[in-house]
Structures are given as structure tokens and as C-alpha cells.
Amino acid sequence: MSRTPPRRYWLTGASSGIGAALAESILATGAHLAVSSRQVAALKVLSQRYPGQVLVVPGDLTNSQTVREIGEQIAEDWGSLDTVILNAGTCEYVDARQFDSSIVEHVVRTNLLASAYCIEAALPLLRKGTAPHLVGMASSVTYLPLPRAEAYGASKAGLRYLFESLRIDLADEGIEVTVISPGFVETPLTARNDFPMPLSWPVDKAARHIFAKLKDRPLEIAFPALFMAALWPLSKLPTGLQLAIGKRMVRKPPPQRDPV
Ligand SMILES: NC(=O)c1ccc[n+]([C@@H]2O[C@H](COP(=O)([O-])OP(=O)(O)OC[C@H]3O[C@@H](n4cnc5c(N)ncnc54)[C@H](OP(=O)(O)O)[C@@H]3O)[C@@H](O)[C@H]2O)c1
């Protein structure tokens with residue numbers, strides 16, 4: 001009797017946070033998983049814990065040649081991919097008083113351009129896969145302009161458009177596209193945040209939620225529900241009202257004290 005072959009995934013940003021937790025959920029099903037990030041140690045630990053299931057394809061995804069080589073490596077080892085989850089990303093905040101375009105450049109390069117490189121590498125492999133599924137990690141930040149989020153928000157808004165447009169163009173080929181929009185999830189990335197994170201979720205809970213939802217291939221996975229219920233109506237407000245809300249969130253710089 002022939003057995004269904006294990007599903008083949010490629011997950012970026014698997015060394016930390018949501019990606020690392022998602023890798024556990026995927027591997028627990030017996031699926032095969034190609035993992036990418038710059039730090040190799042965490043990926044190697046995964047491959048030791050799940051022998052025969054993990055393909056370690058590390059590298060800096062902002063380098064298009066590196067991503068091309070990762071694609072070639074996966075093609076050589078597996079020949080195809082069934083699900084690709086482009087989760088790798090970063091966040092840096094902007095100080096508008098000293099606007100630094102290099103922050104925008106770095107964040108857009110990591111969150112948007114690297115995803116485009118990965119899509120270029122992934123599509124030929126997905127076309128040879130079974131019930132192919134392409135998944136992008138956006139953010140709830142795209143629902144509302146927030147202070148200091150110029151770089152991060154722009155990168156994720158761009159990513160959202162990239163995936164939603166691609167969804168239309170890939171529909172005929174049967175490649176389904178899902179966009180994930182988390183609220184706050186407790187990871188090393190958000191541990192750096194110096195502001196309260198309402199309704200934040202532990203990373204394992206978030207990963208289990210994402211993985212369970214992915215099975216139904218929704219257009220969007222937005223969570224936590226309560227957070228979205230508050231955010232969604234705000235995203236529909238006229239721009240002037242959104243500006244008023246955003247201004248209330250701006251933190252004033254500490255008052256300058258005269259030296260004593
Ligand atoms: N946490 C949240 O509240 C939240 C909310 C909305 C959206 N998100 C999104 O979720 C994704 C994961 O975030 P996280 O919170 O889990 O952050 P994290 O713990 O910092 O993980 C980020 C992952 O991306 C990888 N990465 C970053 N730059 C890379 C590069 N140039 N090349 C290859 N890999 C790179 C990192 O690995 P290396 O450092 O080893 O390269 C790491 O594995 C991001 O896209 C983030 O924007 C997070």
C-alpha cells in the first residue's frame with residue numbers, strides 16, 4: 001500500500017520567535033522542513049532533534065544570490081516544495097526628529113525585498129509541489145498608521161500588497177496565498193519594545209494558532225480576535241480621525257533639564 005509522502009515546507013526565520021515555534025508545530029506532524037535564517041546553530045539543533053526531517057539552508061535572505069543558492073539547494077535535495085512560509089523579518093523604530101533613511105532601507109530590505117527574492121526562488125518549486133501554498137508574514141500594523149512605525153509599517157504594507165497581488169496572478173496555477181497579520185506576540189523582537197503590548201500572546205500559542213488555521217488556507221490569518229475587533233473599526237475611520245488617534249499615541253520626549 002502506498003503512503004502519502006510527507007509534505008515539504010520551507011520556513012524562513014526559523015531560528016527564533018514565531019518561526020522557531022512554528023517549526024516545532026510543523027515537524028510534530030512528520031512533515032519535512034527546510035529552514036533558513038542567518039544563525040545556523042538553532043537550525044542545526046532542530047535537524048538533530050528531528051532526524052531526516054530537516055533541511056538546513058541558512059543564509060542572509062537580504063542577499064539575492066544567497067537566496068538563489070538556497071533555492072538551488074532545495075531543488076537538488078527535494079525537487080519541489082508544497083508550502084512556503086516567508087516569516088523572517090525585523091523591526092526598527094524611526095525617530096522623526098532625526099529621520100534616518102538607512103533604517104527604512106534596512107527594514108524594507110529585510111521584510112520586503114528579501115521576501116521577493118524568496119518568492120522568486122520558491123515559485124518554480126511550488127509549481128512542482130502538491131496543493132501548493134505560499135504564506136507571508138505581514139502584521140496588524142498595516143491596518144493603522146502608528147507613530148515611529150514608518151519603516152516597519154511601510155515594509156509590511158508593501159509585503160501585504162505583494163502577496164495580495166500575487167494571489168490574483170497565481171490563482172490560475174492553483175497556488176494559494178495566505179497573509180498572516182499578528183497583533184503582539186512575545187518574541188525576542190518584541191522584547192525590545194518599550195511600550196505596552198495590549199492582548200499580546202505567548203509565542204507557542206501564536207504558532208499553534210497559525211498552524212491550525214493554515215490547514216484551511218484562509219486568505220488572511222489575523223489574531224488575537226479581540227485585538228482585531230478593536231483594530232478593524234479603527235482601520236475604517238476617515239484619515240483625519242486616524243491621525244487624531246495616532247497623535248494621542250505619540251510619547252512626548254522627556255523634558256530637557258538645565259544642568260545643575
Ligand atoms: N512578534 C510580534 O509581535 C509580531 C507581530 C506581527 C508580525 N511579526 C512578524 O513575524 C515575523 C517573526 O518575528 P518574531 O517576532 O518571531 O521575531 P524574531 O524572534 O526576531 O525572529 C525573526 C526571525 O527572522 C530571521 N531573520 C531576520 N533577518 C534575517 C535575514 N536578513 N536573513 C535571514 N533571516 C533573518 C531571524 O533569524 P537570524 O537573526 O538568525 O537571521 C529570526 O529567525 C517577522 O516578520 C515579524 O515582523 C511579529
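Order of listing sets the numbers, starting from 1, for every ligand and every atom in it.
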Backbone of [Y] reached by a side-chain donor or acceptor of [X] within 3.5 Å:
X: Asp100; Y: Ser102; answer: yes
X: Glu176; Y: His133; answer: no
X: Thr178; Y: Val135; answer: no
X: Gln39; Y: Ser15; answer: no
X: Asn193; Y: Phe195; answer: no
X: Arg167; Y: Val177; answer: yes

Any N or O on [X] sitting closer than 3.5 Å to an N or O of ligand 1?
X: Ser15; value: yes
X: Asn111; value: no
X: Ile18; value: yes
X: Phe184; value: no
X: Gln39; value: yes
X: Thr187; value: yes
X: Thr62; value: no
X: Asp60; value: yes

Which residue and heavy atom of the protein sit nearest [atom], plus the separation:
atom: atom 28 (N) of ligand 1; result: Arg38 NH2, 3.3 Å
atom: atom 3 (O) of ligand 1; result: Val185 N, 2.7 Å
atom: atom 17 (O) of ligand 1; result: Leu189 CB, 3.3 Å
atom: atom 34 (N) of ligand 1; result: Ser37 CA, 3.6 Å
atom: atom 19 (O) of ligand 1; result: Ser16 OG, 2.5 Å
atom: atom 12 (C) of ligand 1; result: Asn87 OD1, 3.3 Å
atom: atom 23 (C) of ligand 1; result: Gly13 CA, 3.7 Å

Record the part of [X] in heavy-atom contact with ligand 1 below 4.0 Å; permitted values are side chain, backbone, both and neither.
X: Met197; answer: neither
X: Leu61; answer: both
X: Ser200; answer: neither

Exercise for review: With Arg7 as reference, evaluate Thr83, Asp82, Thr130 under the side chain to side chain donor-acceptor pair (under 3.5 Å) test and give the passing residue.
Suggested key: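 With Arg7 as partner, side chain to side chain donor-acceptor pair (under 3.5 Å) holds for just one option, Thr83.
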Check your understanding: Taking Ser155 as the fixed residue, which of Thr90, Thr110, Asn111, Thr142 is the one that meets the side chain to side chain donor-acceptor pair (under 3.5 Å) rule?
Key ->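 Of the listed residues Thr90, Thr110, Asn111, Thr142, the side chain to side chain donor-acceptor pair (under 3.5 Å) partner of Ser155 is Asn111.
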Can you name the atoms of ligand 1, numbered from 1 with element, that are less than 4.0 Å from a heavy atom of [X]?
X: Gly89; value: 22 (C), 24 (O), 27 (C), 44 (C), 45 (O)
X: Ala88; value: 24 (O), 25 (C), 26 (N), 34 (N), 35 (C), 45 (O)
X: Pro182; value: 5 (C), 6 (C), 7 (C)
X: Tyr152; value: 6 (C), 7 (C), 8 (N), 9 (C), 46 (C), 47 (O)
X: Ser139; value: 6 (C), 7 (C)
X: Gly17; value: 16 (O), 19 (O)
X: Thr110; value: 28 (N)
X: Met137; value: 9 (C), 10 (O), 11 (C), 45 (O)

Under 4.0 Å between a Lys/Arg side-chain N and an Asp/Glu carboxylate O for [X] and [Y]?
X: Glu24; Y: Arg49; result: yes
X: Arg160; Y: Glu220; result: yes
X: Asp77; Y: Arg8; result: no

Exercise for review: Taking the six-membered ring for Trp and the full ring for Phe, Tyr or His, determine whether the centres of Trp201 and Phe223 are under 6.0 Å apart.
Suggested key: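 Between Trp201 and Phe223, the centre distance is under 6.0 Å.
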For [X], is the nearest heavy atom under 4.0 Å from an atom of ligand 1?
X: Thr190; result: yes
X: Ala138; result: yes
X: Glu186; result: no
X: Ala114; result: no
X: Gly183; result: yes

Practice item. Indicate yes or no: at least one non-hydrogen side-chain atom of Met137 is less than 4.5 angstrom from one of Ile180. Key: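 Sidechains of Ile180 and Met137: in contact.
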